Every structure is written in structure tokens, then in C-alpha cells.
Amino acid sequence: MKRKTLTQYLVEQQRSANALHAELRLLIEIVSRACKTISHSVSKGALGGVLGSLESENVQGEVQKKLDVISNEVLLEANEWGGHLAAMASEEMETIHLIPNRYPKGEYLLLFDPLDGSSNIDVNVSIGTIFSVLKAPASASGRDINESDFLQPGRTQVAAGYAIYGPQTMLVLTIGQGVVGFTLDREMGSWVLTHENLIIPEDTKELAVNMSNMRHWAPPMKRYVQECLDGTSGERDKNFNMRWIASMVADVHRLITRGGIFMYPWDDREPNKPGKLRLMYEANPMSMLVEQAGGMATNGTSRILDIEPHALHERVSVMLGSKNEVARVTQYHLDAAT
Ligand code: P6P
């Protein structure tokens, strides 16, 4: 049977579930096209002169890779003219990016981590683009968008997704009607629907965490991971396997595909920071995808999608994936808090 393309899927969603307004459909198609361009640059690697770092640092204080900046530019240029956006925000830019006055403005806000997992770029390990879509608040009509208009809890997202640049280039997307996956057909240049309904198994034996930080974790986090390491000789009476790719997109894609729990918790290396990962354009979009696929996402004590943001680049502790494991580690944190 002929597989559907992204465009066909989006048209059907617009027509049937009325889950998709025309401008949101255009936004998703434009972002997906930008991800194709990024995939093309990424796949050239050294041949494209795009590897290595720049002298600059981003707002996170991280050395910028050439591909970080290239990917950011691709997404900005692709989305400026379409008339579907009011403004954009990116991990690579300190302030929000307004749509230039020469272009019409729309009602959506687009946030993205243009190339997540940058430390893996130069060693040819999977990386990805993460994006989140919000609606501009009604109060913003008639005036310029400001940063506070972006500070909405993740449950208000109207769409979220990621592209993963791995052995296959895939686009994984939710518009609130479950989670679907598309594989890039490079010969046709089109996104082809290959995963119609991604569901995360409620149980798992696979955990993803950077074990080198174990001595810095809070006690409930240490308790949960130690029990996993104890396997059948311990409390869980179950053996676990471990994966850590250090690209959130790749680790999350694995658990969305076959189950797992991904954790980047608070640790005492920088005790004033709630975690390493960013709420608005990493944790929120991934949490929407995980919940839409039947999983769970918390910061250890609260649902990530209910967190009220206070700053565009604020960080958060992240535990997400198979529901029963996330519920357990969250309960350990809640028990420790009482
Ligand atoms: P660490 C990549 O830099 C990233 O933001 C996520 O994609 C990834 O999960 C995490 O950081 C890896 O962090 O400390 O293990 O290098």
C-alpha cells in the first residue's frame, strides 16, 4: 500500500479531526522542510566544512559549533516570511526573534533547539532538532511580542516534535492527536509516514542517565538508580540495561520507540540550577510527545507540562518515559520531600 507523506497526513488532520488550522499546518511543513536542509548539512560533515567549533559562546555559556549556528539560521530564514509566526525563540539566541516588519505576522510562537547534542556532531553520533509551538496570547494582538508572551506552561503547546539525524533522518510529531513518525525519503525529498501511532510501553528495563554524576544526585535519585543496578539481587528483583547517547533527541527517540526512562536530574555541582536541560525548548516539547505516547514526564515532584516558566532559558530537572518507572522515581522524590 502506498505510504502517506507528511503533507497528506497534515491535510487529513486538517480535514477530519479539525485538529489543525491552516497556519499551523503551514508552520509544520516549513519546519519540516528546514529540518531537511539541516539534515543535508549535517550529513556532509567534514566534506561540507561544517564540523568544529566557533570562537563564540551561546547564551548557555556553551561553545557554539558551526552547525549550531547554521541550523539556527536555517530555521530563522525558513520561518520569517510565511506569515504564520508572531516571533521565534532559540537556545542559540539570548532574546526572542521578532518577525521583521516587511513580513506579515501570524498567531504562533515557535521555539527550538536547532541542533541538540552538539557534543556529538564531530564524532558522527545522532543529533537532532527539537521544536515547540505555542499560540501568541490574545493580549499580544496589536503590539510587538515580548519575552513574557512565551512564558506559558508546556500544557498550552499546540504542537511539538523533533527531527533526528541518525542512520535514518526521522521527524516525530504531535499535534495533540497522538504521536506519529516520518522517515525522510532522500530520493523523493519527502517525509513518509512510517510510524502511525507511537506508544511508549508502561514498563521498561532500560534506563538512560549519565552515571558519572551519581555522587552529585539527591538521595531519592541515588536510591532509584541503585535499585536498578542491584537488579534481581535487590529491591526491584529485575535486571536493567543502560544507554546514554548524550543527545536528548536520540535517547528520547529510543524510549518513544521501544520504552525506557530518561533522566537528567538536579545535582549538587551547580545546586542553584534545577537541572541541565532547558524547559521551554527541550523538556516541554519532549514531555508533550512522551505524554501523547502514553508516557509520563516530571521534574521529580511535578508534571513538567504544568511548570509555570519564569525565564526563556530556564532549566529543569527531567525524568520522562515509561509511565511506571517515572511514577516510581517521582514517588521516591515526593516521599523524600515529606
Ligand atoms: P551530558 C546535549 O548537550 C544535552 O543538552 C542533551 O541533548 C543531552 O541529553 C545532555 O545535554 C547530555 O549531557 O552532561 O551527559 O553531556
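Just so it is clear, the values below take in all heavy atoms, side chains as well, and ignore hydrogens, waters and symmetry mates. All values reported here derive from a predicted model rather than from experimental measurement.
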Any side-chain heavy atom of [X] within less than 4.5 Å of one from [Y]?
X: Ser190; Y: Val192; value: yes
X: Pro201; Y: Asp203; value: no
X: Leu75; Y: Thr129; value: yes

[X]/[Y] ion pair, N-O < 4.0 Å:
X: Glu235; Y: Arg223; answer: no
X: Arg143; Y: Asp149; answer: yes
X: Asp113; Y: Arg278; answer: no
X: Glu196; Y: Lys4; answer: no
X: Glu325; Y: Lys238; answer: yes
X: Glu107; Y: Lys135; answer: yes
X: Lys65; Y: Glu92; answer: no

Ignoring hydrogens and angles, tell me if any N or O in the side chain of [X] forms a donor-acceptor pair with the backbone of [Y] under 3.5 Å.
X: Lys36; Y: Gly189; answer: yes
X: Glu291; Y: Met288; answer: no
X: Ser247; Y: Val249; answer: no
X: Asn299; Y: Ser302; answer: yes
X: Trp191; Y: Ser32; answer: yes
X: Gln331; Y: Ala327; answer: no
X: Arg102; Y: Ile99; answer: no

Considering all heavy atoms of both residues, which atom of Ala78 and which atom of Ile30 are nearest to each other, and what is their separation?
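That closest heavy-atom pairing would be O-CG2, 3.2 Å.
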Minimum heavy-atom separation for Ser41 and Leu67, please, with both atom names.
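Looks like CB-CD2, 4.0 Å.
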Answer yes if the side chains of [X] and [Y] hold a donor-acceptor pair under 3.5 Å, and no otherwise.
X: His313; Y: Glu94; result: no
X: Thr232; Y: Asp237; result: no
X: Thr330; Y: Thr298; result: yes

For residues [X] and [Y]: do they belong to one hydrophobic cluster (side chain heavy atoms under 4.5 Å, members Ile, Leu, Val, Met, Phe, Trp, Tyr)?
X: Tyr165; Y: Val125; value: no
X: Ile127; Y: Ile70; value: yes
X: Leu320; Y: Ile256; value: yes
X: Leu6; Y: Met170; value: no
X: Tyr103; Y: Val31; value: yes

Given the rule in the salt bridge (Lys or Arg N to Asp or Glu O under 4.0 Å) test, do Asp306 and Arg155 qualify, once you have shown the distances and angles that lead to the verdict?
CA-CA 6 Å; Asp306 286 337; Arg155 64 175 179 269; 3.0 Å; yes
Report the C-alpha distance between Arg254 and Glu206 in whole Å, list the side-chain angles of each, state the deciding distance to 0.1 Å, and finish with yes or no for salt bridge (Lys or Arg N to Asp or Glu O under 4.0 Å).
CA-CA 10 Å; Arg254 185 188 55 254; Glu206 202 155 60; 3.6 Å; yes
Can you check salt bridge (Lys or Arg N to Asp or Glu O under 4.0 Å) on Asp185 and Arg3, steps first, answer last?
CA-CA 11 Å; Asp185 176 338; Arg3 292 180 186 272; over 6 Å; no
List the steps and the verdict of salt bridge (Lys or Arg N to Asp or Glu O under 4.0 Å) for Arg33 and Glu29.
CA-CA 6 Å; Arg33 206 169 301 136; Glu29 292 203 283; 5.2 Å; no
Single hit among Glu91, Met280, Gln157, Glu282 for side-chain contact (heavy atoms from CB on, under 4.5 Å) with Leu111
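The option that passes is Met280.
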Per the side-chain contact (heavy atoms from CB on, under 4.5 Å) rule, which among Leu193, Asn197, Thr194 passes with Val180?
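Of the listed options, the one satisfying the test is Leu193.
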If hydrophobic residues (ILVMFWY) are linked whenever their side-chain heavy atoms come closer than 4.5 Å, directly or via other members, who joins Leu334 in its cluster?
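The other cluster members (ILVMFWY side chains, heavy atoms under 4.5 Å, direct or chained): none.
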Could you identify which residues cluster with Met211, counting Ile, Leu, Val, Met, Phe, Trp and Tyr as linked when any side-chain heavy atoms lie under 4.5 Å apart, either directly or through a chain of such contacts?
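Leu207, Val209, Met214, Trp217, Met221, Tyr224, Val225, Leu229, Phe240, Met242, Ile261, Met263, Met296, Met319, Val326, Val329, Tyr332, all in the cluster of Met211.
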Geometric class of the Phe262/Trp244 ring pair [parallel <30°, tilted 30-60°, perpendicular >60°]:
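Trp244 vs Phe262 ring planes: parallel.
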If the condition is ring pair (Phe, Tyr, Trp, His ring centres under 6.0 Å), which residues does His253 pass it with, not counting sequence neighbours?
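His253 satisfies ring pair (Phe, Tyr, Trp, His ring centres under 6.0 Å) with Tyr162 only.
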Does the pair Ser90 and Asn72 meet the rule for a side chain to side chain donor-acceptor pair (under 3.5 Å), with working shown?
CA-CA 7 Å; Ser90 164; Asn72 196 59; 2.6 Å; yes
Go through the steps for Ser43 and Arg186 under the test side chain to side chain donor-acceptor pair (under 3.5 Å), then give the verdict.
CA-CA 12 Å; Ser43 64; Arg186 292 188 186 281; 4.9 Å; no
Take Leu24 and Ile28 through the side chain to side chain contact (heavy atoms under 4.5 Å, CB included) test and state the conclusion after the steps.
CA-CA 6 Å; Leu24 181 56; Ile28 293 169; 4.2 Å; yes
For atom NE2 of His97, is the number of surrounding heavy atoms from other residues, nucleotides or ligands below 6.0 Å larger than 12?
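Yes - once you tally the heavy atoms of other residues, nucleotides and ligands closer than 6.0 Å, there are more than 12.
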Determine whether more than 12 heavy atoms belonging to other residues, nucleotides or ligands lie under 6.0 Å from atom CG of Asn101.
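Not more than 12 within 6.0 Å, no.
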